There are 2 protein chains.
Amino acid sequence: MARVRMSDVAARAGVSTATVSMVLNGVNSTRISPQTQQRVREAAEAVGYEPNSVARSLRTQQTRLVGLISDTIATTPFAGRMLAGANDVAREHGRLVILTDTEGDVGAERQALQALSGQQVDAMIYACMWHRVVEVPEGLPEDAVLLDCAPASADRAAVVPDERAGGMAAVRELVAAGHRRIAFLDAEERFDLVASRLRHEGYLQVLAEAGIEPDPFLHARAEPVAGGGREAARRLLDLPASRRPTAMFCFNDRMAMGAYAAAHQRGLSVPGDLSVVGYDDQQLVAAELDPPLTTVALPHYEMGRWAMEVALGLRRADPAAPHLMPCPIVRRASVGPPPAQFGD
Amino acid sequence: MARVRMSDVAARAGVSTATVSMVLNGVNSTRISPQTQQRVREAAEAVGYEPNSVARSLRTQQTRLVGLISDTIATTPFAGRMLAGANDVAREHGRLVILTDTEGDVGAERQALQALSGQQVDAMIYACMWHRVVEVPEGLPEDAVLLDCAPASADRAAVVPDERAGGMAAVRELVAAGHRRIAFLDAEERFDLVASRLRHEGYLQVLAEAGIEPDPFLHARAEPVAGGGREAARRLLDLPASRRPTAMFCFNDRMAMGAYAAAHQRGLSVPGDLSVVGYDDQQLVAAELDPPLTTVALPHYEMGRWAMEVALGLRRADPAAPHLMPCPIVRRASVGPPPAQFGD
DNA sequence: AACCTCAAGTTAATCGATTAAACAGCCGGG
DNA sequence: CCCGGCTGTTTAATCGATTAACTTGAGGTT
């Protein structure tokens, strides 16, 4: 650890610590002669001086530390991208981030909040690892930024994925390929997912724009995992030919995995007989399926960046409504025109 | 929110700050009368006092902050588990962790190292997001702990997965089910993965123990992704029946995904016609395959805990050799007995 | 000569805690 | 009545930087 103090530099350069401080921080440096500045810098270099941020923070009341408090960093593989975005912005601006994981426990949350504010962090980000509406915890500073969650009541800066637009993009992709019978493999209602509601809205809107009458049978619900997707897809593929979908928009990539499995079992090929679009662009999965999955990416990295930018005051946020981050569609190979007998 | 200081508490309780400090920290508290202690505590509660850790750290020379410096938090979904393990131990012991991501850049690494030591962190962990051998960066403190990587030269405390034992466990699982023709779908040599070498050693050792002559044809190499696994598996399944493997141990779960695909294409069922074991226990994947994949779990959470425990001095480490963390086998449904004609 | 200005630093207060040392009462013993 | 030892609390130094206010000497003005 850096054992040399500013006074060591001062002694070696034959000046006071005030001079050292001014030179090294470039403050009032016009008042210090170039020769002295040179001497100070050389002395600092020679003794290997590294400023003690703790002392500096105490004096300046600025720690250059940002607290990032999250419900669970571990359970989703998406988390990393959010942290990476936040971290990159922090690094670009000379800040360090303190990460705390509350595992959804309210007690741990309050404790973390206290620890962070005791640590005098300059800013704070409250992150959820999947998009939801949260009751803002008591004690969260007014200027904290919410990441991947929307505040239930209080007005706070927040950023969430634009799920509605994402759902629209997914379905437009299918409509553009010529599909008219497009199923939505949705998560069951009991999971009460905002993403589910919004993606469904997007789905309906694009159908409406395309003049397609939505068929309630094509809105299938299941557990949002591969097994659920497989079952739901099977049921849909067992429908009589006239009602059977030629394309499926899946709530997430795992359900899409299940849809692939169901199609293969029925001897149908993707995208020859069935087109599939997923959601999440899950790392190490979407691109690895056969054929690679066309899907909608969750903009975790960008949301992380946005939140940190707002937290550091580099960007203004509207506290009245969460910022909607676009979800780009990632085109791979699971979408094609509908099979001939359904073509127009 | 004007921060309340210790002097505010002191004023309200009608004592000096020294008394407040002693009472609240329980130091020398036998020397302070119970009535005064009570008054101090009530005053602290009443004004909502929270100690300023910056000031405390400056005085005590202890920040209760741990620096965690990693090459990339974002690119692998495994990272979270490691962070979670480290974080949990930190939290259990009242520490906070500062996370920095260097993205493998040496400049950023040096910068991060300086920032962390300037921040006077009490301990430091250097983490890699996949198991490898690293040149310890200059400036990394002597007592820093390496996580998921082994030091190339210097002697440092380090923890890595016991890949050899993991490979043995995987192959034993297949041997126990009755298989004799067991393939290893390995990563290509050009990736130069320690994991690959060690898992292969484990594979060979179990074959030897079981008295099975290793067949070089059954050691297939490919890119360690689904596509690679599919190609390698296809080649193996095209072997004449007498040489064809009845089981495959795959370098990772993605290759196992590919093996599933190849089997299905050949009309073979898993595990009826082909048993498969993966490695990594990749979240949201291994359990979602059909059938769910038997695999070997990478003990990321446990390694994260271990590293933090050593960093905090709660546990001694042998600096001469990395600690090997066991990789538990996760039994699901992709292993069964070999098909009848191969049975004994 | 008296006064002012400016350059180039230095001095000392300060941030908010911790803690060794000092201090004020009180009691008991000689 | 004085001294030593307790007890309970305060005083003040300290951690390592930042920075407002001050100092000092040289040079310029009138």
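Throughout, protein chains are lettered first and strands after them, A, B, ... in sequence-line order, and every chain is numbered starting at 1. Computation of the quantities below employed the complete heavy-atom set of this structure, encompassing side-chain atoms and omitting hydrogens, waters and symmetry-equivalent molecules. Owing to the predicted nature of the structure, the values given are computational and were not obtained by experimental measurement.
A/Ser33 comes within contact range of the sugar-phosphate backbone alone, with a heavy-atom separation under 4.0 Å but no base atom that close. Across all strands, B/Ser57 comes closer than 4.0 Å to no nucleic acid atom at all (heavy-atom distances). Note on A/Thr36: only backbone sugar-phosphate atoms sit closer than 4.0 angstrom, heavy atoms only; bases stay farther off.
Qualifying side chain to side chain donor-acceptor pair (under 3.5 Å) partners for B/Gln37, counting only residues two or more places apart in sequence or in other chains: B/Arg41. With sequence neighbours excluded, the residues forming a side chain to side chain contact (heavy atoms under 4.5 Å, CB included) with A/Ala320 are A/Asp318, listed by chain and number.
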Under 3.5 Å, which donor-acceptor pairs do the side chains of residues 103-116 of chain B form with other protein atoms, sequence neighbours left out?
| unit_1 | atom_1 | unit_2 | atom_2 | d |
| --- | --- | --- | --- | --- |
| B/Asp105 | OD2 | B/Gly107 | N | 3.2 |
| B/Asp105 | OD2 | B/Ala108 | N | 2.7 |
| B/Glu109 | OE1 | B/Tyr126 | OH | 2.9 |

Considering only distance and modelled atom types, tabulate donor-acceptor pairs under 3.5 Å from the side chains of residues 10-17 of chain B, sequence neighbours left out.
| unit_1 | atom_1 | unit_2 | atom_2 | d |
| --- | --- | --- | --- | --- |
| B/Ser16 | OG | B/Ala18 | N | 3.4 |
| B/Ser16 | OG | B/Thr19 | N | 3.4 |
| B/Ser16 | OG | B/Thr19 | OG1 | 3.3 |

What side-chain donor-acceptor pairs closer than 3.5 Å can you find for residues 20-27 of chain A, not counting sequence neighbours?
| unit_1 | atom_1 | unit_2 | atom_2 | d |
| --- | --- | --- | --- | --- |
| A/Ser21 | OG | A/Asn25 | ND2 | 3.4 |
| A/Asn25 | ND2 | A/Ser21 | O | 2.9 |

Listing time: all N or O pairs from protein to nucleotides 15-21 of chain D that are below 3.5 Å?
| unit_1 | atom_1 | unit_2 | atom_2 | d |
| --- | --- | --- | --- | --- |
| D/dC15 | O3' | B/Gln61 | NE2 | 3.4 |
| D/dC15 | O2 | B/Arg59 | N | 3.4 |
| D/dG16 | OP1 | B/Gln61 | NE2 | 3.4 |
| D/dG16 | N2 | A/Ala55 | O | 3.2 |
| D/dA17 | OP1 | A/Tyr49 | OH | 2.7 |
| D/dA17 | OP1 | A/Asn52 | N | 3.2 |
| D/dA17 | OP2 | A/Met6 | N | 2.4 |
| D/dA17 | O5' | A/Tyr49 | OH | 3.4 |
| D/dT18 | OP1 | A/Asn25 | ND2 | 3.2 |
| D/dT18 | OP1 | A/Arg56 | NE | 2.9 |
| D/dT18 | OP1 | A/Arg56 | NH2 | 3.3 |
| D/dT18 | OP2 | A/Ser21 | OG | 2.7 |
| D/dT18 | OP2 | A/Asn25 | ND2 | 3.0 |
| D/dT18 | O2 | A/Arg59 | NH1 | 2.3 |

